[in-house]
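All values below come from the heavy atoms of this structure, side chains included, with hydrogens, waters and symmetry mates left out. First listed ligand is number 1; within each ligand, the first listed atom is number 1.
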Amino acid sequence: MRRWQGNGIYFGGDYNPEQWPEETWSEDIELMRRAGVNLVSVGIFSWALLEPAPGRFEFGWLDRVLDLLHDGGIQVDLATATASPPPWLARAHPEMLPRQADGTILWPGGRQAYCPSSPVFRERSLELVRAVAGRYAEHPAVVMWHVSNELGCHNAHCFCDVSADAFRRWLRERYGDLDRLNDAWGTAFWSQHYGDWAEINPPRTVTAFANPTQQLDYLRFSSDELRAQLRAEREVLKTLVRQPVTTNFMIGMGVKHMDYQSWADDVDLVSNDHYLTAADPQAHLGLSLAADHTRGVAGGDPWLLMEHSTSAVQWQPRNVAKLPGQLRRNSLAHVARGADGVLFFQWRASRAGAEKFHSALVPHAGPDTKVFREVCQLGADLKALAEVRGSRVDADVAILFDWEAWWGVELDSHPSADIRYDDRLNALYRALWRAGVTADIVHPSADLSGYRLVLVPTLYLVRDADADALRRFVEAGGTAAVTYFSGIVDPDDHIRLGGYPGAFRNLLGVRTEEFFPLREGERVRLDDGSTADVWTEWLHADDAEVLTSYTDGPLPGVPALTRRPVGAGAAWYVGTRLDEQATDRLVARLLDEAGVRPAAQAPTGVEVVRRRDGERSWLFVINHTDEEVRLPAHGDELLTGTRCAGELTLPAGEVAVVREDRT
Ligand code: GAL
Ligand code: ZN
């Protein structure tokens with residue numbers, strides 16, 4: 001278990017009082033109390049105001065804010081305030097500005113304009129952490145510390161000379177000697193052999209394809225550099241404060257550059273930011289995936305939703321607003337999937353700055369609005385759900401996910417540009433969602449023994465030990481399904497020879513001799529009537545049962561879907577990009593074989609998830625359809641305070657949480 005035990009369900013958001021005259025602050029507190037807000041994040045972007053000139057700190061305004069919040073009974077997640085450096089720092093040290101691969105400098109005027117490897121930034125930011133933590137360690141309002149903000153959101157990669165030096169140091173640490181590096185990077189190719197560490201650079205803009213292992217190591221290095229900032233701030237905090245420390249991750253939003261799994265042990269509680277993809281009509285499925293992945297990173301423990309939005313954001317091309325009821329469904333879906341707190345960006349909508357069109361708990365139009373009324377309703381809902389805090393989510397299915405595999409599979413000069421890491425992840429996840437089945441999204445090194453079914457989408461890069469663990473899982477009676485372009489390379493991005501899918505070939509009982517990627521838009525047919533696109537391969541099912549084969553395309557008669565009984569379990573291989581119906585059918589067969597059932601028998605479009613704590617359990621039901629639905633449930637419904645004796649009736653768009661009778 002993690003070191004975090006929350007205190008009720010947290011509810012609130014980023015509070016940026018420095019953007020407002022002090023007269024507003026008391027109204028803020030009053031409205032927070034009305035809404036049931038109990039936690040706000042303060043000071044995230046306050047560096048320039050807290051330290052207006054080098055070494056000159058002005059804490060007066062923050063003292064007053066924290067005291068007011070405390071008097072109002074509102075707790076604080078206090079930022080270290082290092083998220084964005086003040087303009088004076090860049091002016092004094094222009095060498096700390098980040099540089100892109102082509103040398104372009106990224107200037108102040110946005111946010112996060114610093115090189116993650118900059119010693120000046122590190123030193124000045126830690127000084128600030130010491131000052132803030134020293135001053136507020138004992139403040140009674142402070143219950144949590146918020147390191148920086150979305151580390152790496154805008155500055156994950158820097159190609160400056162300082163970063164180049166840091167990269168060389170990191171490589172020396174990883175490889176010890178140059179021979180090992182030359183071997184790992186395959187530098188016998190294209191006259192790339194290195195004779196001196198000083199010859200090595202980050203993968204700056206080059207003439208042809210940059211060395212793939214160099215690129216991969218640079219991605220590893222960059223994630224580690226940002227992680228080092230987190231660890232350095234945490235270390236300072238740990239000498240001064242006793243409250244838990246977190247930093248907000250961005251899991252499940254296509255954010256690729258931070259290997260959050262490797263950061264998870266550096267925080268006392270995992271917290272995450274999530275925003276809907278407005279262009280996706282099924283964005284609530286993406287939300288569920290993000291939440292399940294956050295829980296996976298947290299090792300199954302409760303986590304905190306640090307940010308989401310009450311309605312529209314301002315940074316997408318078309319910022320779709322939330323319809324009535326959607327805020328509640330979204331927030332409670334996170335709680336269903338293990339969040340013990342629901343916070344938003346931000347408390348009061350800004351009147352100036354680049355985020356002035358971003359929604360907030362208090363909109364520009366004030367409290368007499370749909371948004372603020374729904375915020376108050378949510379505050380009441382979360383109070384009614386206090387008892388679920390600390391409980392865990394039931395899941396019999398795991399999906400394997402690894403940031404390194406993501407980095408590897410999306411490098412250039414690969415067989416098809418149409419292979420995206422999250423493509424099959426989403427496809428399989430959404431098929432499970434439609435079937436009402438909850439999955440944990442976990443690292444390949446996670447303990448798989450508690451699962452019945454393990455799905456392995458596009459795990460291009462895999463360690464031997466992890467491939468081995470999957471084999472043992474299947475031998476012990478589990479069902480596994482691996483999709484194409486998995487097991488292809490080792491951690492150095494070297495091909496596993498002898499036929500694809502290298503690391504999983506024996507487990508699956510198949511051997512592919514050649515890939516046959518499809519042209520853009522090309523589709524193939526399979527002998528069960530389904531279709532597929534993007535990918536086919538010349539596969540031999542030497543030691544596996546053939547379930548489906550192609551009937552046309554480049555490989556008529558060649559197997560596309562196979563199954564091999566192994567020990568007490570079975571290993572399935574999916575050699576092509578099946579259409580949605582075929583993926584639903586495949587997942588249904590896998591669930592059936594593995595004996596996995598949904599949390600409740602509910603109509604499609606109704607989200608059902610169970611949280612459990614010892615003998616107690618809660619069934620979350622979220623009706624995303626536009627019709628009233630009925631499903632079996634026994635227990636007390638907590639949001640309406642009504643009794644469900646056998647059946648729950650849930651109107652369109654509504655949410656129910658049933659504390660289930662013990663049987
Ligand atoms: C997050 C960030 C917040 C705010 C928000 C807007 O990336 O942490 O500060 O910018 O997005 O959606
Ligand atoms: Zn740099």
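- Counting heavy-atom neighbours within 6.0 Å of Glu235 CD, excluding the residue itself, gives a total of 12 or less.
- Considering only non-hydrogen protein atoms, atom 9 (O) of ligand 1 sits nearest to Arg111 NH1, 3.0 Å.
- Closest to atom 4 (C) of ligand 1, if we only count protein heavy atoms, is Glu355 OE2, 3.2 Å.
- At least one N or O atom of Glu150, backbone or side chain, sits closer than 3.5 Å to an N or O atom of ligand 1.
- At a cut-off of 2.8 Å, Ser163 is counted among the residues with an N, O or S atom near the Zn ion (ligand 2).
- From the protein, the heavy atom lying nearest to atom 11 (O) of ligand 1 is Glu307 OE1, 3.5 Å.
- Regarding atom 6 (C) of ligand 1, its nearest protein heavy-atom neighbour is His358 NE2, 3.2 Å.
- Which parts of ligand 1 touch Asn149 is read off a 4.0 Å heavy-atom cut-off, strictly below it: atoms 2 (C), 8 (O), 9 (O).
- Ring geometry, Phe167 versus Trp185: the interplanar angle falls under 30°, so the pair is classed parallel (tilted spans 30 to 60°).
- For the pair Arg348 and Trp20, the cation-pi test (distance below 6.0 Å, angle within 45°) is passed.
- Listed by number with element, the atoms of ligand 1 under 4.0 Å from a non-hydrogen atom of Phe345 are 3 (C), 4 (C), 5 (C), 6 (C), 9 (O).
- Here the two rings, on His358 and Tyr275, have centers that are under 6.0 Å apart.
- Annotation: Arg33, atom CZ; neighbour count of heavy atoms from other residues, nucleotides and ligands within 6.0 Å does not exceed 12.
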